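All values derive from a computational prediction rather than experimental measurement. Every number for a ligand or one of its atoms is a count from 1 in the order of the listing.
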Amino acid sequence: MGAMGARILVVEDEPQLRALLRLYLEREGHTVADAGDGQAALAAFDAEGADLVILDLMLPGMQGETVLEALRDAGDVPVLITSAKRSEAERIAGLRAGADDYLAKPFNPHELTARVAAILRRSRGTGAGEPPPILSLDGGRLVLDPASRRYTLTGGDTGRLTPGESALLVALAAHPGAVLARQQLLDAVARRPDEVYERVVDVHVANVRRKVGDDPGNPWLIETVPATGYRLVATVDPGP
Ligand code: CA
């Protein structure tokens, strides 16, 4: 990443793995802070913040899931979960709780740095150059700034989408009214296809719906197309 180095908080209770992650991430030009348990992690995040958190779920004392909840309450820092918990249900639960990606242990450090780079690319939008245009839907019912990922609803409610959620909505809005297959949406959120990553699209859609008050049974924003994918039903307002 060179000059694009990020500040990364590594939460990992195995000292050897923690040192290894630090080595690989620093070699990529990142600044690394680390913590061996959840309390130390939240204290470090409180004190210094982070551009990305790599979070082991199985920690002594405070569980990783609790740390993730606290991070989500604090804002929208991207979180990459690493865990030996292997069942699909557990992995999905982590993503549903607001993680941006999930890497099962044991993992190849190169795979980890590649995932980190992908998450940072998404969370930074398109990087240098033009900021992505503001997205306005249904005459301003939902307005999203993809650069900050902050959205505003008609009633004045505001919030932030995660990088994956924002990328998904922007991808749907690029083809209003068209059915996009999960696979196409996966490309948009830069995921690799596998059994879990197919489900990532569903999780992101569910999170967006919950945040902006979209009812899957009677959607104004995103319609589920059974066995196929999703479709934006809101109209896309013309740009300025
Ligand atoms: Ca552990």
Determine whether the side chains of T152 and R141 contain a donor N or O and an acceptor N or O closer than 3.5 Å.
-> no
Around the Ca ion (ligand 1), what protein N, O or S atoms are found below 3.0 Å?
-> D13 OD1, D56 OD2, M58 O
Let me check something: any side-chain donor-acceptor pairs from residues 229-238 under 3.5 Å, sequence neighbours excluded? List them with distances.
unit_1, atom_1, unit_2, atom_2, d
Y230, OH, D202, OD1, 2.7
R231, NE, E223, OE1, 2.7
R231, NH1, G177, O, 3.3
R231, NH2, E223, OE1, 3.0
T235, OG1, D138, OD1, 3.1
D237, OD1, G139, N, 2.8
D237, OD2, S136, OG, 2.5
D237, OD2, L137, N, 3.4
D237, OD2, G139, N, 3.0
D237, OD2, G140, N, 2.9

Do L161 and L144 have side chains that get closer than 4.5 Å, going by heavy atoms?
->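 In contact.
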Pick from R160, R210, K211, R209: which one makes a salt bridge (Lys or Arg N to Asp or Glu O under 4.0 Å) with E165?
-> K211
Inter- and intrachain pairs under side chain to side chain donor-acceptor pair (under 3.5 Å), touching residues 36-47, at least two apart = none
Residues in salt bridge (charged side-chain N to carboxylate O under 4.0 Å, His left out) with E69, at least two apart?
->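 Per chain and number, E69 pairs via salt bridge (charged side-chain N to carboxylate O under 4.0 Å, His left out) with no residue.
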